[in-house]
Each structure stands twice: as C-alpha cells, then as structure tokens.
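What follows is a single structure, written as structure tokens, with notes after it.
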Amino acid sequence: MALQLHSTLTRRKLPFAPLADGKVGMYLCGPTVYSDCHIGHLMGPVLFDAVARWFAVRGFQVRFVNNITDIDDKIIDKANATGEPWQAITERYTNQYLELLKKLHVTTITDHPRCTEYVPQMVSYIEDLVARGRAYVAGDGVYYDVSRQVGYGKLSGRRLDEMTADAGKLDRMAGAAGGVRHPADFALWKLAKPGEPSWPSPWGDGRPGWHIECSVMSLHTLGATFDIHAGGEELKFPHHENEIAQGEAHGGDYARHWMHNNLVQYQGAKVSKSDPRMSDPAFALQFQAKAVVAAHGPAVVRFLLLNGHYRRPVDFSPENIGAVATALGRLHRVVAADLEKTSDLSLEAILAILLPDEASRHRADFVAAMDDDFNTGAAIAELFGLAHLLGKLPADQQPAVRTVVWGLGRLIGLFQPGDAAAVPAAADDDRLAKVMSLVLELRASARANRDFAASDRIRDRLKAAGIVVKDGKDGATWEFAP
RNA sequence: GGCGCCGUGGCGGAGCGGCUACGCAGCGGAUUGCAAAUCCGUGUACUCCGGUUCGAAUCCGGACGGCGCCUCCA
C-alpha cells in the first residue's frame, strides 16, 4: 500500500507525492525559548520524528527543519522582569530544549535555525511584500494586508468578514498611529521601543513579527514550495494561516501538506496556565518537560506520545502514565537482548527475517499501520501481538520474533539504548546497596534452613520500609517500592 | 456567537461497511515454602434518535455531551 497522509488543508487522507523524487522537506514550528519547556513542546518533535523516521524507512531522504524562536515579546518581558540579558535567557532555554530532544532520541531533525540568524533575510522578505503591495507601513511597524490575500482562512476554515469584532485587535488598531487597516492584519516588523533589542531596517530599528520567521526560515532551508509543514493544532490560526498568506504573496505554493498534532490533556481536559491547580508547584511540575522526563524516563514519555495517533490528544495524567509505563516494561523485557544496540535494522532486513505465519501477519500489519497516516498506536498494538505470540512459540523460534519486535520499534524511535535503565530504581547509594546485600544474604541462609518465619519477617519489614524483595531463580533482588 | 476535532467496554486507546485491535486494571490458572515479579487464559463496548444498505461502531441527517482555536499558548 502506498504511503498516505492526512492534510489539514484538504481534511482528508491522500497518497503522499513528494515534490522531488525520493526527497521530503518538512518544517515543524519550534518553541519560543523564554521559560522551561512544557510537555507540549515535546509532542511535535517526538511525533514528527516518528514520521520522519518512517519517510526514511520508505526510502526518502528527509530534510527536517525545526526552528527556535529566540526573539519575541515574551522574551523581552522576561528580560525586563528579571534584569537578565535576553540572550542569556534564550541560550539557556534553547539548550534545555535541545537537551530534551537528545534524551528522547529525536534524531531526525536536520536543521534548528534560530530566528536571530535570519533577520536580514526577513527584512528583505518584508521589503518584497511591501514592493508587491501586500504589506504596508503603519505607525508602529509594517503590517501584512490580508484584504489582498485570495483564500485567506482556507486552512482553519475562517472567513475574513467574520473576524472584525475582535476587541483586542481593535484596541491595537487604535493604538497604532497611522492605523492598521483590518483587524486580521498582522505585524511583519515591529519598531523597537527604547531599550528593546533591535535590528536595522528601512522602516527603522525593530524586530520581526512572529509569523514572518517561519516563512523566511522555511524558504531558506526548504524553498518557496515544500512538502510538509507540521505543528500543533493551536497554531492553525492565526500562525499557520498567516504563514500561508506570506508565503503565497512572496511567490511559491508554500507547504503542500499540513499536518497538525493534537494537544496534551490532563484527565480529559486542557490545563491552562490560569487553572487554579497550577498554583500548586507539585501539580505544575507535572507539565514541565524536564520534570516529567526525569520522573518517568524518556522512554515512557516517548511511548506515551506514540501510543495513540498524532491527531488525537494525549492524556498526561499520572494514572495514564503509570499504565503506559507498565505496558512498555513488557515490551522492554521482550527486546532486552537488543535494547542497547547502537545500530538499527533496515525494514528490508526485518522483512527478510523468517517468521511463523501469525507473526508475519503482525509484522505486515505494523508496516501497513505506519503507511496509513503514521498510525503509531495501531503499529504498537502489533508489537504487543508479537510479544504475546512469544509465549506460545518453541524456544528456537523466539529470538527471531524478539529481533523483529525490536527492529520494528526502532524504526519509529522506540527501544533506544539506555531506555530500560532510564528510571532510577535501586542502588544509587552504595552504602545501602552493601547493607541490602548483607540482609539478603542472611535471609537466603534462613530460607536454606527452611526458616520461613525469619525469611518472611525480613521481607515484611523491608516492605514496610519501602523496599520490595523478589525471589528469583538466581537468588533474591530488591528495589524501591513504586 | 464563529471555525474545527471528537463521543468505543472500569480506565486509556485503535477502528475509514461484514473479520479477536491493543494496553492498564479486574478475574482464573501456571510458577513460588508463601509472596512479589513473570507467563498463560478471560468478560463487559461502540451517547441517543432517524436514514442509506443484504449488512453500520464505521456512511448521511438531527439531538445531546466533551475538547480545542478565535488573546504572538506547543
């Protein structure tokens, strides 16, 4: 079956046809780096990393661009509030973001352009829009003229004539000396107030507007027309709509396919910054990317995100994360032997492995699920199908199945080196490890003497202390209670 | 109010007209000195009302409900 994907523009699934044979150009809107990464920031990278991996599996050479917005009003506000230079703020949070992507094994992104590296290109792009009569100078900057745009609103299904009653926009129109002409017109260039970071331009020192950066950076990395533009649902309007307007006005068809991932939820609903529960730091920490990754491990976070479909919301409530972590543990046991390998298997190599019929069907269904709009959730279900089969197969057929589970998982970013050890479980205190070793030794001799009363007493008391003892074939092990 | 997405078993979550999704939890079994862990087995489902069809969770219409965007939120 041909690879097909759902485009927001057409609202339907269509076979994927690349602009250039054997190549895919993807652009994913990245974070504005003014504070700690939110778990939502991880969604796009992880989800579209799986997409990019699958394109590569299907033989495409992928250029995957993910920008960093390192100049923005929020950054300036933060600098003003803390007194810290804005460059220091953006550098810190850029590093945090890139560090998280690394931990999550998001490896397919080829370019991380920074907004501040493209300001001259943005200026000339805006000059071009002005020259074409698609933008105009107002009192506080340069604005895009949406009234000249044919088909404005086609991505989000909005109509220009219905967007006139926006109070905030009207205020801004009144505030801009020289006047903004239409409420939907948006800033391409913002003139700097005293003390604000700024770059030179024909209209005066200032900084680029939000939407212009993506249009310019995609142009310079992927071209005026490119295959796929991705991002979160919430960016459809106004951000993506305005990118299209700019891109088309500048010349080119802009993105041919638009892919939007759904958003993070918590017990079925979005938790906004103004949610009263957010005043509890422990609650708020559940949404901070680095805290979530530290608490559950990158493997669980990645698995949670890929466990459904990218166009559906993902629930980050603790109950859900716990259930998913247990499920992933089961797969980890299946692939334990290969988990630490640093090189992947190609799809061809995986398909060449001889399997029993039923296992072979699961393998084929995995591939079909990924070909069908990157349905990672359905694909992972096939992995469980294979894992389940393992218990029924003779021992000599099991290694092949294990290798296939691992190989297929790797193709979408699962089962990376370090995944199994990612959640700190036991002995990070050497002294405790030594004491436990002694305790288990004593208990082992009690058991050898069939003194189960003493043996159970040790186990019970340890359990009360938060330490769980498990008796296995090769002696007892221990870990902290979950 | 406008635009969009969605309503599946206790929970999470696939499904794109006929065929067990899957996972977690629960229950039963194997294993164990007893446990834990592990493995095997297993049930309950498609918000409601119309319609199309031989046949609908799946298509169409309506009702009700949830979510998101419309404020430079990923």
Side-chain angles (χ1 to χ4, degrees), chain A residues 8 11-13 28-32 37-45 47 69 72-74 97 153 155-159 161-163 165-169 171-172 184 186-187 190 209-211 213 231-239 241-242 260-265 267-270 272-274 289 303-304 307-309 311-315 317 319-331 333 362 365 369 372-373 375-385 387-388 390-392 447 450-453 455-456 459-460 463 468-473 476-479 481:
Chain A
T8 312
R11 292 176 176 79
R12 66 184 59 175
K13 261 188 289 199
L28 171 67
C29 289
T32 301
C37 276
H38 180 262
I39 41 179
H41 290 271
L42 305 178
M43 270 189 94
L47 262 15
T69 298
D72 174 87
D73 292 3
K74 284 180 180 167
Y97 177 67
L155 183 70
S156 56
R158 274 156 223 271
R159 291 162 47 117
D161 55 21
E162 285 169 352
M163 296 192 296
D166 184 324
K169 281 281 177 88
D171 285 352
R172 214 177 66 208
F186 53 91
K190 297 176 172 187
W210 179 33
H211 315 298
E213 42 173 278
E233 275 278 312
E234 85 290 355
L235 294 178
K236 271 189 203 169
F237 185 89
H239 185 52
E241 205 72 74
N242 291 347
H260 287 97
N261 63 273
N262 216 310
L263 309 176
V264 165
Q265 295 195 347
Q267 291 171 343
K270 174 181 177 174
S272 67
K273 285 170 193 157
S274 55
F303 189 72
L304 172 65
N307 198 30
H309 185 103
R311 282 189 280 117
R312 294 299 206 91
V314 177
D315 197 309
S317 58
E319 311 83 66
N320 200 26
I321 295 179
V324 161
T326 306
L328 177 61
R330 192 162 152 214
L331 290 180
R333 279 187 291 281
H362 285 299
D365 287 347
D372 184 9
D373 196 28
N375 194 338
T376 52
I380 287 172
E382 301 305 331
L383 259 29
F384 281 103
H388 185 68
L390 220 48
K392 300 178 187 172
R447 293 183 74 213
R450 303 192 66 76
D451 182 0
F452 296 122
S455 156
D456 289 352
R459 188 173 63 197
D460 291 346
K463 190 176 180 186
V468 179
V469 174
K470 299 175 185 177
D471 292 316
K473 281 197 178 98
T477 59
W478 67 275
E479 64 186 33

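First the proteins, then the strands, lettered A, B, ... as listed; each starts at 1. As the structure is a computational prediction, the values presented were derived from the model and not from experiment.
- Going from atom CD of A:Gln265 over to atom P of B:rA74 covers 17 Å, rounded to whole Å.
- Separating the CD1 atom of A:Ile380 from the C1' atom of B:rA21 is a distance of 13 Å, rounded to the nearest angstrom.
- Under a 4.0 Å N-O distance rule, the pair A:Arg459/A:Asp456 qualifies as a salt bridge.
- Both the sub-6.0 Å distance and the 45° axial angle are satisfied by A:Arg158 relative to the ring of A:Phe237.
- As judged by a 4.0 angstrom heavy-atom cut-off over every strand, A:Leu235 is placed among residues touching the sugar-phosphate backbone only.
- Place A:Gly385 and A:Gly209 on RNA chain B by their nearest nucleotides, and A:Gly385 ends up nearer the 5' end.
- A:Gln265 places none of its side-chain heavy atoms less than 4.5 Å from the side chain of A:Val314.
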Per-nucleotide protein contact string for nucleotides 31-44 of chain B (B base, S sugar-phosphate only, - none; heavy atom under 4.0 Å): --BBBBSSSSS---
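- Between the P atom of B:rG2 and the CZ atom of A:Arg158 lies a distance of 13 Å, rounded to the nearest Å.
- One interatomic measurement links the two molecules: CZ of A:Arg11 to P of B:rC69, which rounds to 17 Å at whole-angstrom precision.
- Counting non-hydrogen atoms under 4.0 angstrom, A:Ala381 reaches a base of the nucleic acid.
- Here B:rC6 presents its P atom at 15 Å from CG of A:Asn261, a figure rounded to the nearest Å.
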Heavy-atom protein contacts under 4.0 Å, nucleotides 8-17 of chain B, coded B base, S sugar-phosphate only, - none: ----SSSSB-
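- Taking atom CZ on A:Arg12 and atom P on B:rC59, their separation rounds to 14 Å, with Å as the unit.
- Using a 4.0 Å heavy-atom criterion, one finds that A:Glu382 contacts no nucleic acid atom at all.
- Within the 4.0 angstrom heavy-atom criterion, base atoms lie near A:Glu234.
- Between A:His239 and A:His211, the ring planes lie tilted relative to each other; the angle falls in the 30° to 60° range.
- In this entry the distance linking NE2 of A:His260 with P of B:rC3 reads 19 Å, nearest Å.
- Rounded to a whole Å, the CG atom of A:Leu328 is 11 Å from the P atom of B:rC24.
- Counting heavy atoms from C-beta outward, A:His309 and A:Thr376 have side chains that stay 4.5 Å or more apart.
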Pairing annotation in dot-bracket form, given for RNA chain B with Watson-Crick or G-U pairs under 3.5 Å and | for cross-strand partners: ((((((((.[[[..)..(...]]].(((((.......)))))....[[[[[..)....]]]]])))))))....
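- Side-chain atoms of A:Thr69 and A:Pro31, non-hydrogen and from C-beta on, never get closer than 4.5 Å to each other.
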